[in-house]
Amino acid sequence: MEFTAAELVEAHAQVCNLSFGYLKSMCLKCSLELGIADALKKHGKPMEVSELTSALSIPQSKFEPFNRFMTTLVHLELFAKKQDDSGATKYMLTPASHLLVKDEALNITPLVILNLDPIICDSSQVLALFWKRFWDVAGEKQEFNKMFNEGMASDSRLVCDVVMTTCRDVFKGLKSVVDVGGGTGTMARAIAHAFPGIKCILFDLPHVIDTLEEQQAGVEYVGGDMFASVPRANAVLLKWILHDWNNKECVKILQRCKEAIPTREEGGKIIIIDIVVGAVTNKYVCAVETQLLFDLLMMSLYSGKERNEHEWRNIFLSAGFTDYKITHFLGLRSVIELYP
Ligand SMILES: C[S@@+](CC[C@H](N)C(=O)[O-])C[C@H]1O[C@@H](n2cnc3c(N)ncnc32)[C@H](O)[C@@H]1O
Ligand SMILES: COc1ccc(-c2oc3cc(O)cc(O)c3c(=O)c2O)cc1
């Protein structure tokens with residue numbers, strides 16, 4: 001096959017960019033370490049580079065590399081720059097860097113720290129060799145367990161916020177919900193807070209429940225194994241759970257969940273928040289790539305998978321469910337309501 005010179009030089013650049021993917025991660029890590037987003041937030045308005053270097057205590061000898069670093073961060077859309085009326089260039093936050101501001105409620109820095117941790121990165125190198133040991137590692141290594149739970153909790157805060165503003169109706173009318181594999185309980189607490197009439201149960205592995213620092217009133221805490229049985233409730237929430245497991249395991253988990261809920265007529269349902277590959281609307285440009293990367297991560301950590309609608313349907317039918325509805329699209333992920 002013949003390619004034009006223009007195609008070949010563009011392809012060369014593309015391959016270089018792919019091989020330099022780790023530099024993007026390093027840019028993100030370094031911007032967190034320097035506290036650039038925090039400094040911009042604290043200043044409250046766009047900052048000139050001289051204001052930024054002074055706020056960050058960058059020594060004069062590093063001004064030139066810092067400028068070049070900022071140029072790359074703007075290209076990566078981590079920050080934006082504009083010229084004010086006097087022609088001065090000023091830097092400001094973008095939606096991405098807004099999520100990195102320390103004191104913001106929707107700060108996802110803990111998730112970034114988890115994603116960049118050697119236990120996560122190295123597992124990608126050894127691929128399947130690492131499998132099955134993940135939850136043991138989390139149980140044995142307290143520091144990693146804490147980091148993992150904090151990363152998941154920061155993700156849940158963002159998802160809760162989006163769910164409560166875009167599709168609260170998913171929880172309307174429910175008498176009780178059990179968040180299966182609910183981690184440290186961010187979702188369960190948010191549901192209990194938004195719907196005081198709903199009884200919320202947080203269910204996770206005993207080592208997760210036993211090491212919770214605070215147990216909030218209004219939420220019941222239960223330790224156990226979702227492959228054995230799940231506490232009874234009107235609805236079961238499964239957020240970021242099924243993508244961890246292979247098809248057979250998903251069917252088993254869903255069968256246990258089905259046993260825990262009443263019939264559809266009595267209001268029983270499963271609420272799944274997970275990726276539906278391909279269900280990304282045009283306004284979410286990054287989400288398609290993120291879905292692919294998560295699929296690789298799930299494959300590396302164990303035998304998990306990101307699934308398209310057809311693959312989900314097969315699992316639902318095998319687990320004995322009759323109907324489902326995918327209505328709400330939260331960028332990368334969707335909300336699936338599954339009926340017995
Ligand atoms: C990827 S995390 C998702 C946590 C939470 N749902 C969220 O979205 O932030 C998966 C959770 O499943 C829990 N888990 C793993 N195996 C489990 C089991 N056999 N029974 C109950 N929970 C389990 C883990 O402890 C972890 O909290
Ligand atoms: C069965 O073992 C597991 C499979 C997957 C996961 C896991 O890990 C990560 C790691 C991250 O850096 C970010 C993430 O969002 C996730 C997950 O969502 C996820 O499910 C853990 C254990």
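Order of appearance sets the numbers: ligands from 1, and atoms from 1 within every ligand.
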N-O pairing of E249 and K252 below 4.0 Å: no
Ring center gap for F316 and Y324 short of 6.0 angstrom: yes
Taking E259 first and then R232, would you say they form a salt bridge - that is, a charged N and a carboxylate O separated by under 4.0 Å? no
Does ligand 1 have any N/O atom under 3.5 Å from a protein N/O, and what are those pairs and their distances?
from     : atom 1 : to   : atom 2 : distance (Å)
ligand 1 : 6 (N)  : G181 : O      : 2.7
ligand 1 : 6 (N)  : K239 : O      : 2.7
ligand 1 : 8 (O)  : K239 : O      : 3.2
ligand 1 : 8 (O)  : K239 : NZ     : 2.5
ligand 1 : 9 (O)  : M152 : O      : 3.4
ligand 1 : 9 (O)  : S156 : OG     : 3.0
ligand 1 : 9 (O)  : K239 : NZ     : 3.4
ligand 1 : 19 (N) : D225 : OD1    : 2.8
ligand 1 : 20 (N) : M226 : N      : 2.9
ligand 1 : 25 (O) : D204 : OD1    : 2.6
ligand 1 : 27 (O) : D204 : OD2    : 2.7

Check the pair K90 / E51 against salt bridge (Lys or Arg N to Asp or Glu O under 4.0 Å), numbers first and verdict last. CA-CA 9 Å; K90 296 199 165 177; E51 293 173 313; 5.1 Å; no
Does the salt bridge (Lys or Arg N to Asp or Glu O under 4.0 Å) test come out yes or no for K102 and D38, once each step is laid out? CA-CA 6 Å; K102 222 184 272 152; D38 292 330; 3.8 Å; yes
Is the distance from the ring center of F321 to that of W312 below 6.0 Å? no
Is the shortest side-chain N to carboxylate O distance from K239 to D155 below 4.0 Å? yes
Contact residues of ligand 2 with a heavy-atom cut-off of under 4.0 Å? L114, N115, I120, F134, W135, F148, M152, W240, H243, D244, F294, L297, M298, L301, Y302
Answer yes or no: does atom CD of E48 have more than 12 heavy-atom neighbours from other residues, nucleotides or ligands under 6.0 Å? yes
Do the side chains of L78 and L93 join up, straight or via other hydrophobic residues, at under 4.5 Å, putting them in one cluster? yes
